[in-house]
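Proteins get letters first, then strands, A, B, ... in listed order; numbering begins at 1 in each.
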Amino acid sequence: MTSEVLDELVAYAPSSSQAFSMNASARAIWELCDGTRSIEDLCRELSEAAGARPEDLRADVQNAVDHMLELGLLTIAEP
Amino acid sequence: MAPPAGHHSPPPAAEVLHVAFGSQYVVVRSVAPDLMAELRDALGPMAVEEPAGSCAGHVEALPEAGEVRIVGAPGAGATQRVSRQWAPRELYHAAVKLLMLARDDLIWTHAGVAALGERAFMFCGPSGQGKSTLVAALLARGWTYFSDEIAAIEASSGAVHPFPLAPRRRVHDGDFVPLDDGDAIRTLRKEAVDFPAHAVGARPLPLERIYFLHYAHVAGSIDVVPCPPAQSVLTLLRNSLSITADREREIARLAQFASRVPAVQIRYHDAAAAAAHVHADVALHLAVSPTSGA
């Protein structure tokens with residue numbers, strides 16, 4: 001379950017009764033993670049909005065995705 | 001002179017107190033006047049003689065063999081037995097919970113609230129972060145009292161209702177207490193805060209800003225930083241007093257509220273200095289963005 005808070009997001013996992021906040025950048029990454037995109041796809045799409053080169057976003061996007069995986073906000077899609 | 005054999009004294013008359021909140025009230029009854037006096041002190045301006053509106057419930061305290069049987073407290077079954085020492089607190093909590101249940105459309109948060117002019121400001125944080133002390137310091141600067149520990153908020157409008165239980169601040173008697181230790185702080189004695197009766201909020205006001213309080217155990221400058229709105233939702237959730245078991249509904253309401261009302265985090269060591277800072281900051285803010293019609 002998610003709730004929008006201006007351009008940010010609160011995600012709630014009923015199974016663990018935990019809630020997480022996402023700022024606008026984290027939200028943009030999380031919303032693009034639909035099971036079809038790779039990290040490179042995310043960087044490419046985010047770079048257009050951020051006005052930066054995809055390779056400059058790679059480390060931050062990877063870190064954010066790793067953190068969301070750790071928190072259970074994302075799971076790895078089966079190929 | 002002893003009564004004649006077979007004579008039974010009439011039972012003592014029950015004393016009745018009404019705990020009023022907006023258009024709701026709770027009736028508290030007991031034959032123990034000392035217990036009711038303690039309760040009246042704790043309720044402050046919320047204890048009224050002539051209630052208006054609709055009754056949200058009845059609570060009765062029946063002294064029995066050194067204990068007190070409390071009837072009507074929500075969530076405690078038909079009755080509960082407590083020691084005399086804890087009876088006023090249990091009655092107080094029972095009355096507050098009945099009002100919360102009656103108004104479960106509101107967001108209930110562990111926070112102090114005070115107003116300057118026509119705008120209210122909320123000071124949110126767990127016990128020991130200085131809510132009561134900060135609110136008391138603002139009252140001394142002419143602010144209007146809304147609450148020192150319970151905030152009742154309309155999610156859709158962001159308006160906050162007065163919930164003016166008697167304000168009490170913790171007193172440090174000189175023994176060493178680690179002031180960053182919430183459990184230790186809760187052992188400190190509380191004393192009543194004096195304030196004029198006309199300084200109590202009479203109607204809901206729009207909430208202008210939330211201050212999330214962080215006590216700094218090292219003296220230093222006061223630090224105020226904006227709180228991202230999603231983070232504000234999580235902090236409000238941690239301090240929620242709402243009785244609802246529906247976590248998703250509560251988060252949605254808090255998200256709606258946090259979208260309307262900006263929040264900051266204030267880190268401070270000295271409550272009086274923090275109150276001076278908040279007062280100056282708010283006075284400047286209101287001068288720049290005055291209330292419409294003010």
* Which atoms form the tightest heavy-atom contact between B:Ala230 and A:Val10, and what is the distance? -> O-CG2, 3.8 Å

* Structure fact -> Most contact-rich option vs chain A, by heavy-atom pairs under 4.5 angstrom, among B:Ser232, B:Pro229, B:Ala255, is B:Pro229

* To do: Any pair with a residue in residues 227-252 of chain B that passes salt bridge (Lys or Arg N to Asp or Glu O under 4.0 Å), sequence neighbours left out, goes on the list, sorted by first then second residue, please.
  => B:Glu250-B:Arg253

* Structure fact -> Shortest non-hydrogen pair, A:Ser21 vs B:Gln231, comes out as OG-OE1, 3.3 Å

* Structure fact -> residues 14-33 of chain A vs salt bridge (Lys or Arg N to Asp or Glu O under 4.0 Å), sequence neighbours excluded, gives A:Glu4-A:Arg27, A:Arg27-A:Glu31

* To do: Flag the pair A:Leu6 / B:Ser259 as yes when at least one side-chain heavy-atom distance between them is below 4.5 Å, and no otherwise.
  => yes

* Let me know if B:Ile251 has heavy atoms under 4.5 Å from chain A in its side chain, its backbone, both or neither. => both

* How long is the gap from CD on A:Gln18 to CG on B:Leu234, to the nearest 0.5 Å? -> 10.5 Å

* Got a sec: does the NE2 of A:His67 have more than 12 other heavy atoms crowding it under 6.0 Å? -> no

